[in-house]
Amino acid sequence: MQGQIPKSAIVSHPHFRNSLRLMASGRRQYPFHLIEPKWQQHWDQHQSFRAFNPGDTVPEGHPFGLRHQLSGQAARAESLPPKFYILDMFPYPSGAGLHVGHPEGYTATDILARYRRARGFNVLHPMGWDSFGLPAEQYAVKTGQHPRVTTEANIANFTRQIKSLGFSYDWSRELATTDPEYFKWTQWIFLKLYNSCFDPETNRAQPIETLKFPLTCTTEEQRRAYRDSKRLAYVSEAPVNWCPELGTVLANEEVIDGRSEVGGFPVIRKPMRQWMLRITAYAEKLLADLDTIDWSDSLKEMQRNWIGRSEGAEVEFQIAAQTCDGRAGAGTDPLQPEKIRVFTTRPDTLFGATYLVLSPEHKLVGQITTAAQQKAVEDYQRFAAGKSDLERTELAKEKTGVFTGAYALNPVNGGRIPVWLADYVLASYGTGAIMAVPAHDTRDFEFATKFHLPVVQVVQPPDSKTDWQGFTDHGISVNSTGPEISITGLATSEAKRKITDWLAEKGLGQATINYKLRDWLFSRQRYWGEPFPIVWKKDAAGNLSHEALPESALPLLPPSLQDYKPAPGGEPPLARAKDWVSLPDGSVRETNTMPQWAGSCWYYLRYLDARNTDAFVGKESECYWMGTTGGAVASAPRPAGAAGPTPGVDLYVGGTEHAVLHLLYARFWHKVLFDLGQVSTAEPFFKLVNQGLILGEDGQKMSKSRGNVVNPDDILGEYGADAFRLYEMFMGPLQETKPWNTKGVEGVYRFLGRVWRLFVDENSETDFEQAETTAEASDRDSLLALIKLNPTIRDVTPTPAQLKTLHACIKKVTEDLDGMRFNTAISAMMVFINEAMTWETKPVEALKTFLQLLQPFSPHLAEELWNKLFAAFNLPLADLPYSPWPRFDPAVLIENKIEIPVQVNGKLRDVITVSISATVPQLEALALANEKAKPYYEGKTLKKIIVVPKKLVNIVAV
RNA sequence: GCCGGUGUGGCGAAAUGGCAGACGCACAGGACUUAAAAUCCUGGGACCAUCAAAAGUCGUGUGGGUUCGAGUCCCACCACCGGCACCA
């Protein structure tokens, strides 16, 4: 039919392009289209990858039970093999479906899960859905379709795609954050946070009932207010990041350069009543415990920077008395001049402080401003308040500010210094006020230059050639002598210590540690999130106070709505459901919902015991999978090479985009749960690896607008899941960013074809192909049964050379899997196959072992061939995924002849073959006798001969 | 600006301080075929030279250093990627 159409006509016709592409790639290398569904069904039906908890009964005949002698028994923590918890960051099930980036990490973890199973571990490898999220809600706003409907359809599609890749997940533990049975416990954990406070003395969270009230709290209202101010989940009226476009507030972490991380919309600051989580109480632990976990340096560094610990001192400045007369603020006692506290990391530069700067929002501004400056100050405050975050960062180059008219007294020398207002000082950091040392701080220097403020040197750079102006490093203090204290001549660190001690002694300040980390803004004005289990009550005076729902009221379901838009007046969508909001006793429900991060903060714990209806996780399961069975609580740093199971998740793989959001939040929740005795480890994720980004074929980031997105479904259809998995790993190291190249898939696909042809009989393949086209055989299994084993495979003892090839491969694959070097493991298997293709007789033992190595990477093909092999040779059936991992025999790899390079002055001149046992003098003699090397040193003086046995000989001559 | 990472053929990449470029892609030549596809075999860093080959020289971002020997270790710099960015 097509043969009559000129080829050029076909090519130019878009309708034929697809069929041409199929023609170009030719016939299938092997029938993956039959093999892959076959084994996926088999694993599903047999629950092959179900992980067993302590207390579970291992079904009779389950391969895990057969391997570990647990068939039909109730497993106990002590009788189960060591655990290995290998976790993927669960995806948000978007409408767009899977992306080739998702399966990269999933393939890596699946390979390791399968490898660990073969190594005899009890492997926990689960998958679930981070299914709350904005897209489903935006779709609901547009169409009125309930987000749950959208979400379920997306989950179904993601499940189909993920299952088609043959991953060995334990689907019996599948979870979705939108499932009421799941978010019941998310709300439960919120109540734990709500009902806890952080005790600075014990340095841990405790139930709120243990809170000690100060003596000043006498009335019930005062006690309530005090209690509410100490909760780990509290209400704040502070300015928040409001994104008008998204109609919600955002956490600091979700705002990038003044725009929303999702969508890139402008964000403005707006005071609103919001729920906050007191993550700052954990700043120190979150920082310190980074040293106990095995994460990449870059990731740890990102978290350290985000937490932003800085040591310094708070210093108190008196407002100079004269200014009190003319000040604007009324009703305060003029005999009690105000004090301003500043935070500085450089108390040693105190003598160089030539002015103070308050943030425009500082609460003392009104009181200290003089009448003459009042208007200018108020104008400036308005100007600063009107700036969005975006403008504040974009206009950062040019400093702005205004003089308040007030003066402060420098405590070390009594100097009168002006007090200014400027928005380069942030209200939310430190005390919201600074002492400006223009000589030794870049920002202060810029400001002082612009407003002609004095610059006084107080630090001498160690290198006398360095200009002291703008010198911000450590040096020697100069010009730093006052009536009571002198630090002149001291090195910076010593000067800091001395002056801080003096300030403390005088009651003028103290050493302080500040963090960049802010409390976590935890409420969102959205529909599709967990409702807060909180109601608001009004007392007789009309004051609102919040109260937690009892645990028995969980899960608190969101109401059903017709319209998902924010309610009129900017209220969250939940406020539309009047019946739901108003309760019979006159109280009203909280209408904010939790952010998407809430569900992902603890999902790794739910997997441990996903169907538990009595607890968020059962104690025994938690201890077993988190590696603390036996009561050993892993709060202390784990010494290198410590025995026993890893505390926490053994391996967590996901993208870097979660470096400071999810990973910091989850660590925080985990630490609270640890303090409250709910979990047994101080850290959730012991080892964490970030997979690199996969770029499009054009080397650009994949995106719909660039049109370079690769859909896994297309690749699977053409090359199969095994080839897809193999390619994703063969591209390069897991952590690197690398471009996709479909031609590369063809390469690994050809490799799998070679594996297939090594095992099967060519003639039977022809029969199979004919049967397939004429449908002689009716079903998949009888079609596949037509494929016979290659007759050159025999039950014979491998030759030493064959054994060497095999064991070199076992060694390389094993070591590379331990080091997560998947790409080189695959190339080792390619080397083996290239070699084995040349064998005239193929020993069945060697091929069996090879399939065990291949199984983690390309499990479907390996299973099919394994079972064919066993049937053909009448071997007692063994389940491939649970067959013990091959061991390599170093004795087999020993050569008696090896090639040794001969160098002259470090340059290669020849390669000689010598006995493995050649001694140093023998090697020396052989090298000197070498004719090719001779010309390069003849006529020169032999200085020495370097001989590294089994490595090389180097003749050094001058 | 600060912090972290990466620089190796046409491309993805590989190399406990010891033969740079394994393995794969793309390419070229050959075998099989009426022809193609598929498959199998062979080749290949650059330069110089040549009918051809051998031999030679240079080569891991740049410049120095350590070493018998450096892609690998040290110092300085350049480029790209990622993160943070008025945090006092």
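Model, not experiment: these values are computed from the prediction. A, B, ... follow the sequence lines: proteins, then strands. Residue 1 opens every chain.
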Polar atom pairs between nucleotides 18-23 of chain B and protein, under 3.5 Å, N or O only, would you list them?
from: B:G18; atom 1: N2; to: A:Q903; atom 2: OE1; distance (Å): 3.4

Using a cut-off of 4.0 Å on non-hydrogen atoms, how would the nucleic acid contact of [X] be classed: base, sugar-phosphate, or nothing?
{"X": "A:R309", "answer": "nothing"}
{"X": "A:Y936", "answer": "sugar-phosphate"}
{"X": "A:S310", "answer": "sugar-phosphate"}
{"X": "A:R304", "answer": "nothing"}

Provide a list of protein-nucleic acid N or O atom pairs under 3.5 angstrom, restricted to nucleotides 26-34 of chain B.
from: B:A26; atom 1: OP2; to: A:R750; atom 2: NH2; distance (Å): 3.1

Classify the side-chain pair [X]/[Y] by whether it contains a donor and acceptor separated by less than 3.5 Å.
{"X": "A:T792", "Y": "A:K842", "answer": "yes"}
{"X": "A:W756", "Y": "A:E765", "answer": "yes"}
{"X": "A:D761", "Y": "A:N790", "answer": "no"}
{"X": "A:T280", "Y": "A:R518", "answer": "no"}
{"X": "A:Q510", "Y": "A:T500", "answer": "no"}
{"X": "A:Q29", "Y": "A:R757", "answer": "yes"}

*Can you list the residues that meet the side chain to side chain contact (heavy atoms under 4.5 Å, CB included) rule with A:D722, with sequence neighbours excluded?*
A:Y30, A:E36, A:R725, A:L752, A:S858, A:P859, A:H860, A:L861
Pair [X] + [Y]: ring centers closer than 6.0 Å:
{"X": "A:Y665", "Y": "A:W306", "answer": "no"}
{"X": "A:Y749", "Y": "A:F724", "answer": "no"}
{"X": "A:Y424", "Y": "A:F447", "answer": "yes"}

State whether [X] places a side-chain N or O below 4.0 Å from either non-bridging phosphate oxygen (OP1 or OP2) of [N].
{"X": "A:Y424", "N": "B:A88", "value": "no"}
{"X": "A:Q303", "N": "B:G83", "value": "no"}
{"X": "A:K944", "N": "B:C68", "value": "yes"}

*Is the shortest distance from a Lys or Arg side-chain nitrogen in A:K300 or A:D294 to a carboxylate oxygen in the other one below 4.0 Å?*
no
*Charged N-O contact under 4.0 Å between A:E446 and A:K450*: no
*Heavy-atom neighbours of A:E284 CD exceed 12 at 6.0 Å*: yes
_Enclosure of A:K950 NZ (heavy-atom neighbours >12, cutoff 6.0 Å)_ = no
*Using the closest heavy atom to pick a nucleotide of RNA chain B for each, name whichever of A:T344 or A:T838 lands nearer the 5' end.*
A:T838
*asked:* By nearest heavy atom, map A:G430 and A:W306 onto RNA chain B; which one lands nearer the 5' end?
replied: A:W306
Measure from [atom1] on [X] to [atom2] on [N] and round the result to the nearest Å.
{"X": "A:F445", "N": "B:G1", "atom1": "CZ", "atom2": "P", "answer": "18 Å"}
{"X": "A:R518", "N": "B:C84", "atom1": "CZ", "atom2": "C1'", "answer": "13 Å"}
{"X": "A:Y30", "N": "B:U39", "atom1": "OH", "atom2": "C1'", "answer": "17 Å"}
{"X": "A:K943", "N": "B:C68", "atom1": "NZ", "atom2": "P", "answer": "8 Å"}
{"X": "A:L661", "N": "B:G83", "atom1": "CG", "atom2": "C1'", "answer": "12 Å"}
{"X": "A:D816", "N": "B:U16", "atom1": "CG", "atom2": "P", "answer": "11 Å"}
{"X": "A:F343", "N": "B:C86", "atom1": "CZ", "atom2": "C1'", "answer": "15 Å"}
{"X": "A:M729", "N": "B:A14", "atom1": "CE", "atom2": "C1'", "answer": "17 Å"}

What are the atom names and distances for every N/O pair under 3.5 Å that joins the protein to nucleotides 71-82 of chain B?
none

Expressed in whole Å, how much space separates the [atom1] atoms belonging to [N] and [M]?
{"N": "B:G17", "M": "B:A70", "atom1": "C1'", "result": "7 Å"}
{"N": "B:U16", "M": "B:C11", "atom1": "C1'", "result": "29 Å"}
{"N": "B:U62", "M": "B:G7", "atom1": "P", "result": "14 Å"}
{"N": "B:C40", "M": "B:A26", "atom1": "P", "result": "13 Å"}
{"N": "B:C73", "M": "B:A79", "atom1": "P", "result": "22 Å"}
{"N": "B:A14", "M": "B:C2", "atom1": "C1'", "result": "34 Å"}
{"N": "B:U60", "M": "B:G45", "atom1": "C1'", "result": "11 Å"}
{"N": "B:G71", "M": "B:G18", "atom1": "P", "result": "10 Å"}

*Syn-anti status, with the boundary at 90° from 0, for the nucleotide B:G9*: syn
Among the nucleotides [options], which one has an atom lying closest to any side-chain atom of [X]?
{"X": "A:R909", "options": "B:G56, B:C25, B:C86", "result": "B:G56"}
{"X": "A:E301", "options": "B:A13, B:G4, B:A88", "result": "B:G4"}
{"X": "A:N305", "options": "B:C3, B:A13, B:A38", "result": "B:C3"}

*asked:* Among residues at least two apart in sequence or on other chains, which ones pass ring pair (Phe, Tyr, Trp, His ring centres under 6.0 Å) with A:F317?
replied: none
*Would you check, one step at a time, whether the test side chain to side chain donor-acceptor pair (under 3.5 Å) holds for A:S310 with A:Y515?*
CA-CA 6 Å; A:S310 51; A:Y515 300 91; over 6 Å; no
*Which nucleotides of RNA chain B pair, in dot-bracket form (Watson-Crick or G-U under 3.5 Å, | meaning another strand)*: (((((((..(((.....[....))).(((((.......))))).(((........)))..(((((..]....))))))))))))....
*Taking all heavy atoms of A:F768 and all of A:P31, pick out the closest pair and write down the distance.*
CZ-CB, 3.6 Å
